[in-house]
Amino acid sequence: MSKLKPEYYQNTDAIFLAQDLLGKILFTRKNGEVTAGIITETEAYFGTEDKASHAYGGRRSSRTEAMYQPGGFSYVYLCYGIHHLFNIVVSKEDDPKSVLVRSVEPYKGLEIIRKRRNMAVTDKAVSSGPGSASKALGIDMSFNKKSLTGDEIWIEDSGLLYGSEDITSTPRVGVAYAQEHALLPLRFYLKNNRYISKNK
DNA sequence: TAGTTGATTCACT
DNA sequence: GTGAATCAACTAC
């Protein structure tokens, strides 16, 4: 197992990274407690041309500022006032592409995850869906704009390799307002894994 | 300065 | 299957 290097995230192809990140392991350290989950579902957001992205048209604000960082940083966004959505910023500085982590499979610190979620880790809902996955790993606004190569939050290569036959792509979820971009197959997940958010 | 809305989840019927 | 929770950013005055 090895921590992914900054160069990995500098790839300008967000769609490739969204697929490649499947099967890798996301770690967080909070209050000295380490938890981790295998990434089982992602979505690609390809920047200023993507109507579903917060950075569409080059919009820039205190919220989207995180996406303009160089690849290898985190972007945590509070949605519906309740849910923390965790994004991996990719590409170069000022090129706001990102990969949204939609769900993970509990991997480490299961008891901590259970307490955070107040449900059994064997329950599929414990980490399926962007809000749940973030909560399971203890991700909140304090993880916004963190380097993914530091020691608070990082990603390791599990060594598990998934071929294209293990990956399924579908249209993204919950972005119908993005018009024609809502239909692009930019959502990716591992086949035969129970820890994915429900199809829509 | 005020009104609208969303990259959602959970509890309830 | 339906609806509430809840707030920062966006849009319009």
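Order of the sequence lines sets the chain letters (A, B, ...), proteins ahead of strands, with each chain counted from 1.
For E65(A), the salt bridge (Lys or Arg N to Asp or Glu O under 4.0 Å) test picks out R60(A), with sequence neighbours left out. Partners of R114(A) by salt bridge (Lys or Arg N to Asp or Glu O under 4.0 Å), not counting sequence neighbours, listed by chain and number: E111(A). S147(A) is linked by a side-chain contact (heavy atoms from CB on, under 4.5 Å) to F73(A), T149(A), counting only residues two or more places apart in sequence or in another chain. For D13(A), there are no salt bridge (Lys or Arg N to Asp or Glu O under 4.0 Å) partners at least two apart in sequence or on another chain. For R63(A), the side-chain contact (heavy atoms from CB on, under 4.5 Å) partners are H54(A), S61(A), Y75(A), Y77(A), not counting sequence neighbours. When the salt bridge (Lys or Arg N to Asp or Glu O under 4.0 Å) test is applied to E152(A), the partners found at least two apart in sequence or on another chain are K146(A).
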Each nucleotide of nucleotides 6-13 of chain C classed B (base within 4.0 Å of a protein heavy atom), S (only sugar-phosphate) or -, in 5' to 3' order, makes BB-SS---
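At a cut-off of 3.5 Å, with distance as the only test, no side-chain donor of E105(A) or Y107(A) sits close to an acceptor on the other residue. S128(A) and S103(A) share no side-chain donor-acceptor pair at under 3.5 Å.
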Annotated structure of DNA chain C as dot-bracket, pair cut-off 3.5 Å, Watson-Crick or G-U only, | for inter-strand, is |||||.||||||.
I'd like a list of close polar pairs between nucleotides 10-13 of chain B and the protein, N/O only, cut-off under 3.5 Å.
| from | atom 1 | to | atom 2 | distance (Å) |
| --- | --- | --- | --- | --- |
| dC10(B) | OP1 | R117(A) | NH1 | 3.1 |
| dC10(B) | OP1 | R117(A) | NH2 | 2.8 |

Are there any protein N/O atoms within less than 3.5 Å of an N/O atom in nucleotides 3-5 of chain B, and if so, which ones and at what distance?
none

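Residue I155(A) comes nearest to L21(A) through the heavy atom pair CD1-CD2, 4.3 Å, listed as atom of the first residue, atom of the second, then distance.
Side chains of M67(A) and S53(A) form a contact here, defined as non-hydrogen atoms less than 4.5 Å apart.
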Please lay out, stage by stage, how R117(A) and D123(A) fare under the test salt bridge (Lys or Arg N to Asp or Glu O under 4.0 Å). CA-CA 10 Å; R117(A) 299 284 295 136; D123(A) 189 329; over 6 Å; no
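Note on Y8(A): it clusters hydrophobically with I167(A), by side-chain heavy-atom contacts below 4.5 Å among ILVMFWY residues. Hydrophobic clustering (ILVMFWY, side-chain heavy atoms < 4.5 Å, transitive): L4(A) and F143(A) are in one cluster.
Within residues 8-20 of chain A, no residue places a heavy atom under 4.0 Å from DNA chain B.
Around atom NZ of K191(A), more than 12 heavy atoms belonging to other residues, nucleotides or ligands sit under 6.0 Å away.
Separating the CD1 atom of I196(A) from the C1' atom of dT8(B) is a distance of 17 Å, rounded to the nearest angstrom. Note: CZ (R116(A)) to P (dT9(B)) measures 17 Å, nearest angstrom.
Residue pairs meeting the salt bridge (charged side-chain N to carboxylate O under 4.0 Å, His left out) criterion with at least one member in residues 74-88 of chain A, sequence neighbours excluded, do not occur.
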